2 protein chains.
Amino acid sequence: MSTRSASAGDAIEPIAAGSDGGAAALQQLAGRHATGYRSVGVMVYDILRDAILGGALVPGQKLRQETLAELIGVSRLPVRSALIQLEADGLVEFHDRRGAVVKSLSPAQAKEVYDIRTLLEIEALRLSMSEMTPERVERLRELGQIADEQQEGADFVDARTAFYAELYDAERHPVLWEMIEQLRLKVGRYVLGWRLVGGAEHGHSHEKLIEAVAAGEVEPAVTVLREHLERVRDAVLELLDAEATAAEAGAVSARRSGRR
Amino acid sequence: MSTRSASAGDAIEPIAAGSDGGAAALQQLAGRHATGYRSVGVMVYDILRDAILGGALVPGQKLRQETLAELIGVSRLPVRSALIQLEADGLVEFHDRRGAVVKSLSPAQAKEVYDIRTLLEIEALRLSMSEMTPERVERLRELGQIADEQQEGADFVDARTAFYAELYDAERHPVLWEMIEQLRLKVGRYVLGWRLVGGAEHGHSHEKLIEAVAAGEVEPAVTVLREHLERVRDAVLELLDAEATAAEAGAVSARRSGRR
DNA sequence: ATCTCGGATACTGGATCCAAAATGCAACCG
DNA sequence: CGGTTGCATTTTGGATCCAGTATCCGAGAT
């Protein structure tokens, strides 16, 4: 039940989050998700996804199917299903016969993600504003309010998602919305980290955006959105650099203290 | 060959091509892919992907795991893996306890796909052209030549993919390239159908595009690309309309002939 | 003493087996 | 005669079991 046998495999672990590799956090996540799921596979998917996004499983960490299965309390099979889905989402990576690891994002890739998001989200905003209604503006205000109140990981993500789904009119543009969601997922883990550091004055741009949208002023709204994305992008890139240096330092200290 | 004859004969027929639902074509595909795969799961994925793109499995068709497993000659487990991956690609759709069906694209969604592709591919072209080299132009000419020679289903897709990967500098922009690939996959099945109907004068725009790229004329190249995508989009939308009406007629005839 | 080769161990990937849920048919009741 | 409910069949989804392969450690040879 515990992770005693896991110590053998920890040697390769490049970035050590904790000594347990996030096992405790993973079990807590499993507990939160335990209630009333239709299929175990998607439950495991949600758990692992939240674990990666929440930082319990860090980039580069190897994911042993049996360990994960035991921690969550299911068989290895739904774990495999979940890992396959996560691979398609770009969150984990399979090495041929050596299992799966949490995929890490290079700074260049992160920049790409935000540049594409800028392109797509501005397009989505333009399309959405061309068919804006007072009802949607009202709903947008509510959702923005809710989003700003949430502080915690999973709820925060959900609230923000709901807000942007309404802003971009996800109903009417499902493919575009799906693309945007995919990109947001790829950087989700880093955005959460950023939120914890310096996302306080964040709500202000939300408000400016909503007001521009409500007034029907397309170009100002686009500008606010673009600047917001650029600000987040720069923050994420900064955080990535910090992590890279930290990983370097961690590798050095691990080499010193670790097995020869 | 096998895929071509299958799609040529039954391309218009939307549901249940014959009574076997593309079983024969699927078995032949399985034979082609049978040699030397590292993992059975990805083999099944490739087979099913080619089957859907080639038209052997038509939109709306239900995919029974056991049937597919028997046809390909493997167990149900790798079939499940493949179906999960295909779901992530947006090619199939899971209904809760009722199995998977081949996803169909509504005309509105197809239009979305092409609008987003226009956005992304023009961006990719601009980025790529800002760092174009004579070597890449040369390679582009070769790949364009190869692509125009291929007529058959799978090779045709591969050749085109290689060409665009070089054109958009996929190496240097992996995320952007992945997005474009995803979108191309979603409409792949319809593009193949279109290719068979009226894609003859298609190579000409390729040449114009290459020449503009070689000359470093960005805006002309962008225009050629945009017009090309719009032309393909319109053709696909036309084909989708034709399929929709054919489906209607097919449903009527099936009702007349009496199902059981 | 170090490098290489061979065996043992452990992990992933696949197959078979089992249970749970949904659908369709049939029978019974209103 | 029609509707509703219950049972049986079908099919997905999960667990356990098995085999192939890669990694790691130790022993032997140079």
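Note on naming: letters A, B, ... go to the chains in the order of the sequence lines (proteins, then strands), and numbering restarts at 1 for each one. Predicted model only: the values in this text are computed from it and were never measured.
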inquiry  = Check whether Q109(A) reaches the backbone of P174(B) with its side chain - one donor and one acceptor, N or O, closer than 3.5 Å.
reply    = no
query = If you check every side-chain atom of S39(A), which of dA15(C), dT12(D), dG14(D) has the closest atom?
reply = dG14(D)
Distance in angstrom units between [X] [atom1] and [N] [atom2], rounded:
X	N	atom1	atom2	answer
E70(A)	dA10(C)	CD	C1'	14 Å
R76(B)	dC18(C)	CZ	P	14 Å
L77(B)	dC18(D)	CG	P	16 Å
I84(A)	dG13(D)	CD1	P	13 Å
D96(B)	dG13(D)	CG	P	8 Å
F94(B)	dG13(D)	CZ	C1'	10 Å
L83(B)	dT11(D)	CG	P	15 Å
M43(A)	dG14(D)	CE	P	10 Å

For [X] and [N], is the shortest distance between a side-chain N/O and OP1 or OP2 below 4.0 Å?
X	N	result
R98(B)	dT23(C)	yes
R97(B)	dA22(C)	no
R80(A)	dG14(C)	yes
Q65(B)	dG13(D)	yes

message = Surrounding CZ of R139(A) (heavy atoms of other residues, nucleotides or ligands, distance under 6.0 Å), is the total greater than 12?
response = no
Shortest non-hydrogen contact from Q61(A) toward A56(A) = OE1-O, 4.1 Å
task = Would you check if E238(B) and L240(B) make a side-chain contact, meaning some heavy-atom pair closer than 4.5 Å?
result = no
